[in-house]
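What follows is a set of notes on a single structure, which appears directly below.
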Amino acid sequence: MTVLPNPGPTRSGLPAIGDWKTFGELREHQADRIAPVLHHARDSPFYEKLLEPGQGLAAAGLTRKSDLRDSYPFGMLAVPRERLATYHESSGSTGNPTPAYFTEAEWTDLADRFVRKTVPVGPEDTLLVRIPYGLVLAGHMAHWAAMRSGATVVPGDCRSLAVPYPRVVRLLRDLEVTLTWSTPSESLLWVAAARVAGHPPASFSALRALYVAGEPISSARRRRTEEIWDAPVIEEYGCTEVGPLAGDCPYGRMHFWADRVLPEVYDPQTGGITAEGTGQLVITPLYREAMPLIRYNLEDLVELRYEDCLCGWQLPTVRVLGRLGQGCTVGGKRLGQLQVEELVFRLPASWGVLFWRARAEPDQLVVEIEVPGPDGGEAAAVLAGSVEAELGVRCAATAVPEGTLVPSALLAQQLDAMKPRKLFGPDEDWGRAVVRG
């Protein structure tokens with residue numbers, strides 16, 4: 001693949017990846033931004049009550065997701081309402097949603113960070129956006145950033161009835177899509193849908209890269225996805241409240257965009273906050289206008305290091321280790337999803353395993369894997385042995401037929417789009433209030 005040492009244009013006038021020759025220069029830049037960030041934060045009702053004039057970052061407490069929910073909808077707003085360009089929300093399943101809002105200038109910054117890709121988007125590209133739109137930031141951000149870069153955008157919202165999986169397969173083939181933006185799981189669902197439609201992934205030869213985000217991905221699943229699609233998987237890490245936070249470098253390490261967002265590590269046991277190390281990720285955006293955030297605790301467990309990388313980017317590396325409360329205990333040992341996933345996708349590619357599920361019981365891990373061919377028994381036995389040998393817990397693994405965990409009918413079904421219809425012909429069923437999209 002073509003690798004750029006400093007991918008993507010910078011149109012916001014804010015720093016670019018290659019602006020820093022040393023970590024010392026980067027730290028000076030971060031320190032210079034803190035005072036104006038704290039000053040501006042006091043323009044919001046929430047921080048006006050918490051921050052004293054002239055107060056430094058060390059005196060500021062943590063901001064939590066519950067603070068954003070409690071301040072719904074505009075308690076965090078630090079600019080006049082007429083300056084807002086967009087309003088977004090993350091899930092509101094536990095009460096008030098978590099709001100996020102951005103000015104037009106912030107949208108330029110969002111796009112700058114999104115296009116920091118080692119396989120960049122350009123005018124020759126067709127980008128399939130297969131991630132939620134709705135109130136979520138991620139779909140709109142990719143859409144706008146790609147258009148600004150001259151690309152053709154295909155808005156294939158993964159939560160729209162108008163774009164079922166057969167349509168996704170058709171779009172990938174007929175439009176010769178070159179780039180995709182989705183969760184890692186979506187890219188494997190396309191494989192299964194292409195199988196149902198009778199199209200091997202090798203027939204999608206225009207694909208140059210798969211941009212992914214939204215869920216952890218093990219190194220084995222990443223390699224398997226790249227093998228199947230014959231294209232690199234480029235991972236991004238971010239959140240609705242701030243947008244892109246980190247991305248892959250040419251050498252496969254994830255770098256934090258610390259020139260735009262200050263990262264720190266919080267130890268919940270000691271209450272200490274450090275510039276690097278292992279703990280909960282705390283972020284302070286350095287250019288946030290509409291919704292300043294001071295030491296916002298994402299509650300993601302990370303390892304953050306300011307260390308040299310072969311790519312030359314003077315930006316810290318970050319490994320996302322999981323979320324608080326994730327994982328299950330089996331036989332006295334704590335297991336995470338990525339540990340099991342790594343072993344599932346180490347199974348030989350010829351066995352065709354794409355989907356799996358596991359249940360943590362007190363004394364054993366019960367795993368099911370979909371195996372489309374005749375090798376189910378062998379695949380289950382190999383996986384059980386790997387789990388017991390590498391994770392140190394008993395494992396009962398079984399193979400289930402293709403279409404058990406992800407029903408093939410759902411991958412082939414042309415769903416109805418909700419388009420109201422009032423007038424019906426004499427032989428039509430007027431009990432149907434929608435027509436097929």
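Side-chain contact between V282 and L298 is absent, with no heavy atoms from C-beta onward closer than 4.5 Å. At a threshold of 4.5 Å between non-hydrogen side-chain atoms, the residues T317 and F256 do not count as touching. The shortest distance between side-chain heavy atoms of I273 and V265 does not fall below 4.5 Å. Considering only heavy atoms from C-beta on, L391 comes within 4.5 Å of L343 through its side chain. Counting only heavy atoms from C-beta outward, the side chains of S219 and E342 approach each other to under 4.5 Å. Counting heavy atoms from C-beta on, the side chains of V233 and P184 never come closer than 4.5 Å. Side chains of S182 and L210 form no contact here, defined as non-hydrogen atoms less than 4.5 Å apart. Residues R222 and T225 are not in side-chain contact: their nearest non-hydrogen atoms beyond the backbone lie 4.5 Å or more apart.
Sparse packing is recorded around CD of E104, with 12 or fewer heavy atoms of other residues, nucleotides or ligands lying under 6.0 Å away. Heavy-atom contacts from other residues, nucleotides or ligands closer than 6.0 Å to CD of E25 number more than 12. Atom CZ of R159 is surrounded by 12 or fewer heavy atoms from other residues, nucleotides or ligands within 6.0 Å. Within a 6.0 Å sphere centred on CG of D267, other residues, nucleotides and ligands contribute more than 12 heavy atoms.
Using a cut-off of 4.0 Å between Lys/Arg side-chain N and Asp/Glu carboxylate O, R224 and E227 are scored as salt-bridged. Taking a cutoff of 4.0 Å between a charged side-chain nitrogen and a carboxylate oxygen, R359 and E361 qualify as a salt bridge. Using a cutoff of 4.0 Å between basic side-chain nitrogens and carboxylate oxygens, R288 and E106 are scored as salt-bridged. Salt bridge present: K117 and E236 bring a charged side-chain N and a carboxylate O closer than 4.0 Å. Salt bridge status for E307 with R253: present, with a side-chain N to carboxylate O gap under 4.0 Å. With respect to E264 and R295, a salt bridge is recorded, a charged nitrogen being found less than 4.0 Å from a carboxylate O. Salt-bridge check for R221 with E215: passed, with a basic side-chain N closer than 4.0 Å to an acidic carboxylate O. Between R357 and E368 there is a salt bridge, since a side-chain N of the basic residue sits under 4.0 Å from a carboxylate O of the acidic one.
For the pair R113 and Y287, the cation-pi criterion (under 6.0 Å, within 45° of the ring axis) is not fulfilled. Both cation-pi conditions hold for R27 and Y306: the charged atom is under 6.0 angstrom from the six-membered ring centre and inside a 45 degree cone around its axis. Geometrically, R116 engages W257 in a cation-pi contact defined by less than 6.0 Å to the ring centre and at most 45° from the axis.
In plain terms, the two heavy atoms of L38 and Q55 that are nearest each other are CD1-O, 3.1 Å. For A41 against Y47, the heavy-atom pair with the smallest separation is O-CB, 3.2 Å. Minimum interatomic distance between L410 and Y165 (heavy atoms only, all atoms of both residues): O-CD1, 4.4 Å. L161 and P164 make their closest contact through O-CD, 3.6 Å (heavy atoms, listed as atom of the first residue, atom of the second, distance). Residue A193 comes nearest to V169 through the heavy atom pair CB-CG2, 3.7 Å, listed as atom of the first residue, atom of the second, then distance. Nearest approach of R305 to T278, heavy atoms of both residues: NH2-OG1, 4.1 Å.
Considering CG of D19 and CG of L26, their distance stands at 10.5 Å, rounded to 0.5 Å.
D67 and Y296 share no donor-acceptor pair across their side chains, judged by distance under 3.5 Å alone. Neither side chain, Y101 nor E89, offers a donor N or O lying under 3.5 Å from an acceptor on the other. For the residue pair T22/Q314, the side-chain donor-acceptor check at 3.5 Å is not satisfied.
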Show, in sequence, the C-alpha distance, side-chain angles and deciding distance for T178 and R208, and conclude whether the side chain to side chain donor-acceptor pair (under 3.5 Å) test is met. CA-CA 5 Å; T178 59; R208 297 198 305 123; 4.7 Å; no
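Between H29 and W20, the ring-plane angle classifies as tilted under the 30° and 60° cut-offs.
For W181 and F114, the ring centers are positioned less than 6.0 Å apart.
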Identify every side-chain donor-acceptor pair in residues 72-86 under 3.5 Å, counting partners at least two apart or on other chains, and give the distances.
residue : atom : partner : partner atom : Å
R83     : NH2  : E289    : OE1          : 3.0
T86     : OG1  : H88     : NE2          : 2.9
T86     : OG1  : W107    : NE1          : 2.8

